[in-house]
There are 2 protein chains.
Amino acid sequence: MVRPRFRKLPAAQQQTIVRAAVEEFAAHGFHDGSLNRVIDAAGVSKGSMYYYFDGKEDLYAYVTRLEFERLFDEVGPLGLSTLGDRDAFWEAVERYYGDLMAAFTASPQLAALTRGWLAAAANPALRTAQQELEVLTLPWIERTLAAGQDVGAVRADLPSGLMIGVVVGMGQAMDTYLIAEDPGDDRRRELIHAFVGMMRGALQP
Amino acid sequence: MVRPRFRKLPAAQQQTIVRAAVEEFAAHGFHDGSLNRVIDAAGVSKGSMYYYFDGKEDLYAYVTRLEFERLFDEVGPLGLSTLGDRDAFWEAVERYYGDLMAAFTASPQLAALTRGWLAAAANPALRTAQQELEVLTLPWIERTLAAGQDVGAVRADLPSGLMIGVVVGMGQAMDTYLIAEDPGDDRRRELIHAFVGMMRGALQP
DNA sequence: CCGCCGGTTCGACCGTCAGTCTAACACCGA
DNA sequence: TCGGTGTTAGACTGACGGTCGAACCGGCGG
């Protein structure tokens, strides 16, 4: 866990460190990202870095969480309360997914960080960082699925753990495809529509 | 690429090295697996190892491919020619998936290696190993999807690259779930049935 | 028998990594 | 001025993947 000392640092210095770390991890992922390079880039000594953070994984979890929170703040919540029927639910999901993808294309660095996170999340070396971030994302997915079940848009006969896994796996595939192909706006909308259609096919009762 | 010299070694010594590498990578994955430990366990010098293989990634790709080929040989092909209608196609897929999962539970080491491979496949550091193995698996998935399209069981309005990605992503989620939960035989059959149902919902026209 | 040569084996060595540890520093109240 | 506390610096450790030149070995020509 990030030490409270770090939060007491002048905002500018916090920003310098966080920015250097985000840049490094977005460019090289967790494994190939170098803590030593972050230290050099941020102009801080190794001793200080270890005085602020428990280690590389801690720093990674911290900055990734920071960026994800920024993303979720920016995109805003999925308006779950106003949903009446199944179609409305899936339309809301599609809109939301489109917003997320737009945020990713607007910030390639965030997209790279997310891709790296998805790629590395299964690695046991990141177990604690993973748990820290899952606390942020999984309940969100779970709530969304539950809302879909409330309006009869999502099947309720399977363990939610399995459905969450499938949703994450499909989303990861879609993200990778969209980032790799980088289609125009129209084509992207089209692909997202088809993709949410696939998700609907997989999840509806 | 593995050097031809390695194949000229006495079979026993090849096996010693391959076995040590499989053990190491199955236990720790690619990143956290140590080439030095493989070298120690196999009782071969570092110079010789680098005389046989280009490096760690090369060794990993080689032994993983070996294990996958063994798996595919064991499970055998999906009988595509005899398929008449959609239901028969999806039943064949379900049978095949069940066989794969049975092979995994029979050989936890192979399951661990596969899991590690799926987890690490997205990492750019493994690009060449990834391509080497995709040559083995992707055409197989592609052919299966094409056979499904022939009998009208799989939609034909999406790029196959996207569908392959989605299938792999869903499969990965299912594998992870099954390995983590380790249900009994009946429950596993049940879950696989539901899972293939989800896949069908996602892929059918 | 020697000398040589290509294929093979060996392990010391290199740069880099994440992480540890101790000495020094800055500030503050007594 | 002195001790104490919070902070910074960077030398150091062991392990990593990878490189390299020396040594070794079997066979062949002289």
Side-chain angles (χ1 to χ4, degrees), chain A residues 1-14 16-18 20-21 23-25 27-64 116 120 123-130, chain B residues 1-14 16-18 20-21 23-25 27-64 116 120 123-130:
Chain A
M1 192 66 84
V2 55
R3 315 284 182 103
R5 304 150 176 164
F6 179 71
R7 318 247 39 175
K8 284 195 266 180
L9 248 46
Q13 196 175 346
Q14 286 188 40
T16 305
I17 293 174
V18 167
E23 235 160 78
E24 177 71 17
F25 288 132
H28 302 104
F30 173 73
H31 276 291
D32 296 335
S34 162
L35 185 59
N36 288 337
R37 278 198 298 260
V38 173
I39 283 167
D40 284 353
V44 68
S45 78
K46 185 164 264 198
S48 295
M49 191 59 103
Y50 274 87
Y51 189 63
Y52 302 140
F53 296 92
D54 283 344
K56 184 187 182 184
E57 186 187 354
D58 189 30
L59 174 66
Y60 178 71
Y62 178 72
V63 300
T64 309
N123 190 303
L126 274 176
R127 180 96 9 130
T128 70
Q130 186 187 4
Chain B
M1 191 67 85
V2 54
R3 315 283 182 107
R5 302 150 177 164
F6 180 70
R7 316 248 40 174
K8 283 196 266 179
L9 246 46
Q13 197 175 345
Q14 285 188 41
T16 305
I17 293 174
V18 166
E23 236 160 77
E24 177 70 18
F25 289 132
H28 302 103
F30 172 73
H31 275 292
D32 296 337
S34 161
L35 185 59
N36 288 335
R37 279 198 297 259
V38 174
I39 284 167
D40 284 353
V44 68
S45 77
K46 186 166 262 196
S48 294
M49 191 59 103
Y50 274 88
Y51 189 65
Y52 303 141
F53 296 94
D54 283 343
K56 185 187 183 184
E57 186 188 353
D58 189 29
L59 174 65
Y60 179 71
Y62 178 72
V63 299
T64 309
N123 190 304
L126 274 175
R127 178 99 6 134
T128 70
Q130 185 188 5

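In what follows, every chain begins at residue 1, and chains take the letters A, B, ... in the order their sequences are listed.
- Rounding to the nearest 0.5 angstrom, the gap separating the OG atom in B:S34 from the CD atom in B:E24 is 5.5 Å.
- As a whole-Å value, the separation of B:R3 CZ from C:dG6 P is 18 Å.
- Side-chain atoms of B:K56 come within 3.5 Å of backbone atoms of B:G33 as a donor-acceptor pair (strictly under, hydrogens ignored).
- Rounded to whole Å, the distance from CZ on A:F53 to P on C:dT20 is 16 Å.
- Separating the CD1 atom of A:I39 from the C1' atom of C:dA18 is a distance of 9 Å, rounded to the nearest angstrom.
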Listing time: all N or O pairs from protein to nucleotides 5-7 of chain D that are below 3.5 Å?
from  : atom 1 : to    : atom 2 : distance (Å)
D:dT7 : OP2    : A:Y51 : OH     : 2.7

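- Between A:Y60 and A:F25, the ring-plane angle classifies as perpendicular under the 30° and 60° cut-offs.
- Of the possible polar contacts, one joining the B:Q14 side chain to the B:L9 backbone as a donor-acceptor pair under 3.5 Å is found.
- Cation-pi geometry between B:R5 and B:Y51 is met: under 6.0 angstrom from the ring centre, within 45 degrees of the axis.
- Between the side chain of A:S48 and the main chain of A:V44, no donor-acceptor pair closer than 3.5 Å is present.
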Show me the protein contacts with nucleotides 15-17 of chain C, counting only N or O atoms at under 3.5 Å.
from   : atom 1 : to    : atom 2 : distance (Å)
C:dC17 : OP1    : A:S34 : OG     : 3.1

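- Nearest heavy-atom pair across B:T16 and B:A42 is CG2-O, 3.8 Å.
- When rounded to the nearest whole Å, the span between CG of A:D40 and P of D:dG10 equals 11 Å.
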Provide a list of protein-nucleic acid N or O atom pairs under 3.5 angstrom, restricted to nucleotides 20-23 of chain D.
none

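- The phosphate of D:dT8 (OP1 or OP2) has no side-chain N or O of A:S45 nearer than 4.0 angstrom.
- A salt bridge between A:R3 and A:D54 is present, with a side-chain N of the basic residue lying under 4.0 Å from a carboxylate O of the acidic one.
- The aromatic rings of A:F53 and A:F6 sit tilted, their planes meeting at an angle between 30° and 60°.
- Here C:dA18 presents its P atom at 11 Å from CE of A:M49, a figure rounded to the nearest Å.
- One side chain, B:T128 or B:E57, offers a donor N or O that lies under 3.5 Å from an acceptor on the other.
- Shown are A:Q13, A:K8, A:R7; of these, the side chain to side chain contact (heavy atoms under 4.5 Å, CB included) with A:Y52 is made only by A:Q13.
- One interatomic measurement links the two molecules: CG of B:D54 to P of D:dG17, which rounds to 16 Å at whole-angstrom precision.
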